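Here the structure is laid out as structure tokens; the discussion comes afterwards.
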Amino acid sequence: KHVIQDTTFHEFSLNGYPHKISHGDWFAGKGLGVCQIQYQEHIINVFVSHLHAEYSRSHDVYLGHRVMQALEAAQWIKLTSAGADLTIYGGDFNTEPTDVPYTLLRHVGCLNDAW
């Protein structure tokens, strides 16, 4: 019903470790999906991603991966959304509101939490 103007996918620089076979994140090739939609006279940028799993909060060997993934996502969102009327970012961020990745998404990406 609405025009999809453009789409792309950005694979994150860090995606886990290939030797952690039971942690499938490396094999999944995590990244940021981007779609620009025209809704009537409005431009809507829709982003989606699934950041690296935490596995163990007390011994989180992947925190650096999620920090880098959140920073990359936030930079992409900030740089590509200037001309958009609305920006929506959804997904599984595997982070809590007090965590660094969440803070990066909010502040670098200039995003507000809808929750």
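The model shown is predicted, which means the values in this text are computed figures rather than measured ones.
The neighbour count for L79 CG, taken as heavy atoms of other residues, nucleotides or ligands under 6.0 Å away, is above 12. Atom NE2 of H19 has more than 12 heavy atoms from other residues, nucleotides or ligands within 6.0 Å.
In the hydrophobic clustering of this structure, Y55 groups with V61; members are Ile, Leu, Val, Met, Phe, Trp, Tyr whose side-chain heavy atoms approach within less than 4.5 Å, directly or through other members. Residues L86 and V46 share a hydrophobic cluster, clusters being chains of Ile/Leu/Val/Met/Phe/Trp/Tyr side chains in contact below 4.5 Å.
The ring pair (Phe, Tyr, Trp, His ring centres under 6.0 Å) analysis of residues 26-45, with sequence neighbours excluded, yields the pairs H2-Y39.
Between K78 atom NZ and H107 atom NE2 the span is 12.5 Å, to the nearest 0.5 Å. The CG atom of N94 sits 6.5 Å away from the NZ atom of K30 when rounded to the nearest 0.5 Å. In this structure, NZ in K1 is found 14.0 Å from CD1 in I37, a value given to the nearest 0.5 Å. Distance check: S81 OG to I88 CD1 gives 10.5 Å after rounding to the nearest 0.5 Å. We find the CD-CD1 distance between Q5 and I44 to be 10.5 Å, quoted to the nearest 0.5 Å.
Contact check on D113 versus R106 returns no salt bridge, with no Lys/Arg side-chain nitrogen under 4.0 Å from an Asp/Glu carboxylate oxygen.
Q38 contributes a side-chain N or O that, together with a main-chain N or O of Q40, makes up a donor-acceptor pair within less than 3.5 Å.
Smallest separation of non-hydrogen atoms from P101 and A70: O-CB, 3.5 Å. Residues A53 and D25 share a closest heavy-atom pair of N-OD2, 3.2 Å. The two residues T80 and N45 have their closest heavy-atom pair at O-ND2, 2.9 Å.
Between Y17 and H65, the ring planes lie perpendicular to each other; the angle is over 60°, past the 30° to 60° tilted range.
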Go through it in stages, so that I can follow the logic: the residues are Y62 and K20, the test is side chain to side chain contact (heavy atoms under 4.5 Å, CB included), and I'd like the CA-CA distance, side-chain angles, deciding distance and then a yes or no. CA-CA 11 Å; Y62 297 110; K20 297 276 192 176; 3.3 Å; yes
Please lay out, stage by stage, how L14 and R66 fare under the test side chain to side chain contact (heavy atoms under 4.5 Å, CB included). CA-CA 8 Å; L14 289 175; R66 282 192 312 286; over 6 Å; no
Starting from the C-alpha separation in whole Å, work towards a yes-or-no answer on side chain to side chain contact (heavy atoms under 4.5 Å, CB included) for Q36 and I43. CA-CA 7 Å; Q36 188 174 73; I43 299 297; 3.5 Å; yes
Take Q69 and S49 through the test side chain to side chain contact (heavy atoms under 4.5 Å, CB included) and record every step on the way to the result. CA-CA 9 Å; Q69 291 171 346; S49 66; over 6 Å; no
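Through chains of ILVMFWY side-chain contacts below 4.5 Å, W76 is grouped with F12, L32, V34, F47, L51, I77, Y89, F93, L105, L111.
The shortest side-chain heavy-atom distance between D99 and R57 falls under the 4.5 Å cut-off.
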